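On a predicted model such as this, the values are computed, not experimentally measured, just so you know.
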Amino acid sequence: MESKMCGPFFLVLTLLIRFSAPAFVPEIPLVKSANPNVQKNSNMTIYRLPKNVEPLEYTLKLNTDLTDFTFKGNEELRITVIVPTSNIVLNSRGLEISKVTVKNQKGFDIFSNFTMDPDNEQMSIYCPELTMKRQYTVIIDFSGKLSDDMHGYYRSWYTVKDTKKWLAITQFESTYARRAFPCFDEPGFKTPYTIHLAVSQGQTALSNMPEESRSNPDASIGNKVWVRFRKSEPMPTYLVAFSVSEMKVYSVENQRVRVWSREDAVDDTHYIQEVGERLLTALEQYLNVKYKLPKLDIVAVPDFSAGAMENYGLTTYREKLVELVDGVSTRKELEYAATVVAHEFSHQWFGDMVTPAWWDYLWLNESFARFFQYFIAAMVESNWRMGDIFVVEQVHTALMADFHTHPITASVQSPEEISEIFDSITYNKGGAVLRMLEHFITPAAFQATLTTYLDSTYTDGGVTDSNTFFDSVTDTMNTVTNQNWQSKISAFKNSWIDQSGYPVVTVTRDYDKKTATVTQEPFFLEKQETPSDKKWLIPLTYTTSNEKNFTLEEANRKLVLFNPTEKTANIDVQSARWLVVNVQEIGFYRVNYDEHNWKELITALQTNPSDIHVLNRAQLIDDAFNLARAGIIQYSVPMTLSKYLVKESDPVPFLAAFPNFRYLLTRFNGQLADAFKKHFASLVKSKYESLAAKSNKDHVEKTGLITMSQWACYLNVDSCVNKAKEEMSKLIQNPDYKIEPEIKESVLCTSLRLGGETEWNAVWNHYLKTNVATEKVLTLTSLPCSTYSKALETLVNEMITGQNIRTQDFVYTVRSIASQEHHILSALTMLRTNYANIISGVKKDELLKMFVKQLQNSIWNPTQLAELKKLALDENTEHSHAHMVNHTIEHVTKNLEWTEKNLASLQKWFKDEEDNPTPDNDSTTKNPDEPTKAPPSSATQPLATLIGCSLAFFVLYRRLESFPL
């Protein structure tokens, strides 16, 4: 699943928010979370079903009423008895069970009765005549209500020509199939399904498989027609899907991918159908395993909690990921949509065809889908540089997420525990570790492993776990190399899959002996009271100024394997000026150097950035800022390093820098904001202006312009601000005026920030008017930029009532409000004074949780903290909410303490920079390849004496969330 918001909220913080200026909140994560705000069932004590019986096949009939939002169902469930028992235990939640019958193999009824256990979301059928190794058929009549919370079997709506139309759709991952029909609601139970849906004239029925037949009108159900679908492949309950609607289809003859949407958006789905067909073919070719079903549908759902969902043969998505309008949707939205489809299509193999035995092994679904989301998309859209974007959007976000967290292989039982692992560890880190594994064993061996793994596991029943996958890796490497790889692969699995965290490797050069010694330790942003003894198997790759060979093939040829049992590893660097470790950031670890090597790297970047691979330029920025944030090196290192960005021609290093800049801008909002903004504006100005002026931009330049314009306008670069004012004036004069998509968000936000009621009304009306999903979300995230006095009140009231802002879009709105410094104090006050209304609104206390969670990283001064404390102490605040707020107060307090600790050094840096400005490097700079003799004490000499001056900032947000979908 994509972009399901993780752990209750960790997952909603996604990749692209890392690249937004403080005034902007772009994309929700490609991380799916079964439910962004799972309410803990405190009465639940039994989380797993007994293993006494197993399902063999479901036949499911559902009659859905879109007038009163109810459904009636009949289910025939064929089971087999595995061990002696008198009970058949199923999952069921919120259903009315009217009748249960159990038949033996001869078709005779046998004695049974049933009881419900709502606390444990189970029903138990007592049947004393059950015999081991015999098959039985359980027949259940039931009914339920279509929910409005976007989980289980739920309702949604859209309008066509001012007519409101309703639809029913499913979202079952992870534990919501039990809300639609009684079932064995665990991923390890894979069975075929035959589904029948009743529809009225004009309605469309969809399910995992193609339609097989239709009945004559049935008078007993109001002359509806029963649509029967073909029997499915074996699949778990969470992948079952069906829908009743009036949607229309776009399809191409003899192609398997079809797209369903509201009728007035069908023409906007052509690109997704076309790229979807290419992605499906590319996956088949790479994996050398055919897709198992005869069709693969894409359904655009108006209300959808997840970004997307991989239901076998019937994938579902938010409308903005399917309906793309030329001249309105941005290139980044086009890219994002294609990669989310790649993610869900990858699941047809990883998760659907081969399914984890339990949620502990969720990574075997989501890590692979996140990996292929970029690398299969790169095969289909080769000029998008998705391999490079993967590093800044996935590797960097995972490095920021992975501190006090769980291993990639999790340990979960309850529904809320399951929900929490749909996070950046399972998605982003898992994908990054797979990328590291691919190059550790070579891409060819990795590809061969996947083919073997999928074929053999599918043949054995299609249920998998971590050992199953790594056994395939070992077998492949043993065959390919004719050596025993068991110990290496076992060490890799133990280090990266079964152990949380990641290392920072410290490289200390001996400039006389021409060697480098490498040590490792766990990386933490905060100093740990108890030292950790964790170690990892680390594939060390490197290059130097002598060869400047950044190819992965060469890196693998001279790879140094740093074993967890060793204290150090050694690298032969000869007389090179600089050394770079972790070529193309292929390994999941950070790198620190001795002071002299940092100095030489900075000199090389300031002289000729292209001497170092673009991904290593991005890596140096991200590592340096995070090492400084953790107190491992002084901030003078990343500050100085960032100055080279004046000469940077590629957008990727900027994408690595922006989250780091954002972090410092937020933390030092009151003290050093002007100095930071002035410095960063000097770095971004020329890049923005050159991109904006270029007429024939390629894909990467267009997507880069989005972020560059956001930052340039936020930093008050005159050319950007003036352009925004001009474009807004045209929109006010002509509401149908089309702003260039790539600058639209910066235009709207800047105009709202600098304008007033007139600009607010223009943008708010634009939001209400547009029926293009991508444009609607973009406009909504821009609205909180407004400084108009009624802006915040209007947005919060709209969320409370749910009239004009869909519940699925609350997170965009809340996150954008929290990112606006002019709203923080007012938002905190409003939470307290409107507490009762907020917790009783459309999403009840979920809206409060959203605000508190998002504001915790935005609060930057004691006044705001004091207002947050008032909410915790208010007598009207419920105990559970007060506990949540107090946890946030602890987080904010630590942030303020960190700011105070680092303030003086940054103030000194700015003063030194002002007193001793450093001229730009030019062609007269000495040859960076010319060896220099480092002082004997270079490894211990204070950084301040070696490193010059400059500025940089740091990372505030993750998504997933993010999220991966």
Side-chain angles (χ1 to χ4, degrees), residues 1-2 30 190 208 233-236 239 255-257 275-296 298 308 310-313 315 338-356 361-382 386-387 390 394 427 430-466 468-477 479-480 489 964-965:
M1 191 162 58
E2 250 324 293
L30 297 184
K190 296 186 71 171
N208 305 84
E233 283 273 310
M235 59 184 175
L239 292 173
Q255 293 191 1
R256 293 167 291 179
V257 176
V275 78
E277 190 69 28
R278 288 192 287 139
L279 287 165
L280 185 60
T281 300
L283 280 160
E284 287 180 318
Q285 292 174 346
Y286 176 87
L287 296 170
N288 196 25
V289 178
K290 282 291 185 180
Y291 174 61
K292 300 298 182 184
L293 305 188
K295 59 92 174 175
L296 182 49
I298 292 172
E310 68 267 20
N311 311 303
Y312 211 178
T315 57
T339 58
V340 173
V341 172
H343 183 108
E344 306 311 331
F345 280 20
S346 300
H347 272 307
Q348 305 303 299
W349 285 263
F350 299 96
D352 298 10
M353 182 179 134
V354 173
T355 307
Y361 312 110
L362 177 64
W363 77 273
L364 291 167
N365 290 6
E366 300 302 345
S367 300
F368 278 102
R370 181 52 52 89
F371 175 85
F372 282 113
Q373 173 179 327
Y374 285 77
F375 294 104
I376 285 297
M379 296 179 190
V380 169
E381 298 287 6
S382 57
M386 296 310 300
F390 180 87
Q394 299 302 317
Y427 284 73
V433 168
L434 286 175
R435 175 174 175 261
M436 178 168 59
L437 176 65
E438 176 193 21
H439 290 279
F440 176 46
I441 66 175
T442 74
F446 183 76
Q447 186 176 2
T449 293
L450 297 187
T451 301
T452 301
Y453 164 68
L454 290 168
D455 276 338
S456 61
T457 308
Y458 178 75
T459 302
D460 289 342
V463 178
T464 186
D465 58 21
S466 296
T468 303
F469 172 68
F470 280 101
D471 285 347
S472 293
V473 178
T474 302
D475 291 345
T476 298
M477 292 308 295
T479 301
V480 169
I489 299 304
L965 315 204

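Annotation for Asn208 and Leu239: closest pair ND2-O, 2.8 Å, computed over non-hydrogen atoms. Counting all heavy atoms, side chain and backbone alike, Lys190 lies closest to Gly462 at NZ-O, 3.2 Å. The heavy-atom pair separating Val257 from Glu277 by the smallest distance is N-OE1, 3.0 Å. Residues Thr315 and Glu344 approach most closely at CG2-CB, 4.2 Å, considering heavy atoms. Closest heavy-atom contact between Gly313 and Gln348: N-OE1, 3.1 Å. Shortest non-hydrogen contact noted between Phe371 and Phe375 is O-CD1, 3.0 Å.
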### Task
Test side-chain contact (heavy atoms from CB on, under 4.5 Å) on Leu283 and Tyr291 and set out the steps.
CA-CA 9 Å; Leu283 280 160; Tyr291 174 61; over 6 Å; no
### Query
Are Arg278 and Thr281 close enough, and set up right, to give a side-chain contact (heavy atoms from CB on, under 4.5 Å), and what steps lead you there?
CA-CA 5 Å; Arg278 288 192 287 139; Thr281 300; 5.8 Å; no
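Of the inter-residue distances, the one linking Phe440 atom CZ with Phe446 atom CZ reads 13.5 Å to the nearest 0.5 angstrom. Note that CG of Asp460 is 11.0 Å distant from CG of Asp455, once rounded to the nearest 0.5 Å. Rounding to the nearest 0.5 Å gives a distance of 9.0 Å between CE of Met353 and CD of Glu233. With values rounded to the nearest 0.5 angstrom, Leu454 atom CG is found 14.5 Å from Lys290 atom NZ. To the nearest 0.5 Å, atom OG of residue Ser346 and atom CG of residue Asn365 are 11.5 Å apart. For the atom pair CG (Leu364) and OG1 (Thr464), the distance works out to 5.0 Å, reported to the nearest 0.5 Å.
A search for side chain to side chain donor-acceptor pair (under 3.5 Å) contacts involving Asp465 returns Thr468, not counting sequence neighbours. Remark: Ser472 engages no residue in a side chain to side chain donor-acceptor pair (under 3.5 Å) (not counting sequence neighbours). Listed by chain and number, the residues in a ring pair (Phe, Tyr, Trp, His ring centres under 6.0 Å) with Phe350 are Phe368, Phe372 (sequence neighbours excluded). Under the side chain to side chain donor-acceptor pair (under 3.5 Å) criterion, Glu284 pairs with Arg256, sequence neighbours left out. Under the side-chain contact (heavy atoms from CB on, under 4.5 Å) criterion, Phe470 pairs with Trp363, Leu437, Val473, Ile489, Phe492, Lys493, Ile497, sequence neighbours left out. By the side chain to side chain donor-acceptor pair (under 3.5 Å) test, Tyr361 pairs with no residue at all, sequence neighbours left out.
Contact annotation: the side chain of Ile376 never approaches that of Phe345 to less than 4.5 Å [non-hydrogen atoms, C-beta and beyond]. Counting only heavy atoms from C-beta outward, the side chains of Leu296 and Leu280 approach each other to under 4.5 Å. Within the 4.5 Å cutoff, no side-chain heavy atoms of Lys292 are placed close to those of Trp349.
For the pair Ser367 (side chain) and Tyr427 (backbone), a donor-acceptor distance under 3.5 Å is absent. In this structure, the side chain of Ser382 does not engage the main chain of Ala378 through any donor-acceptor pair within 3.5 Å. The closest donor-acceptor contact from the side chain of Gln447 to the backbone of Tyr286 lies under 3.5 Å.
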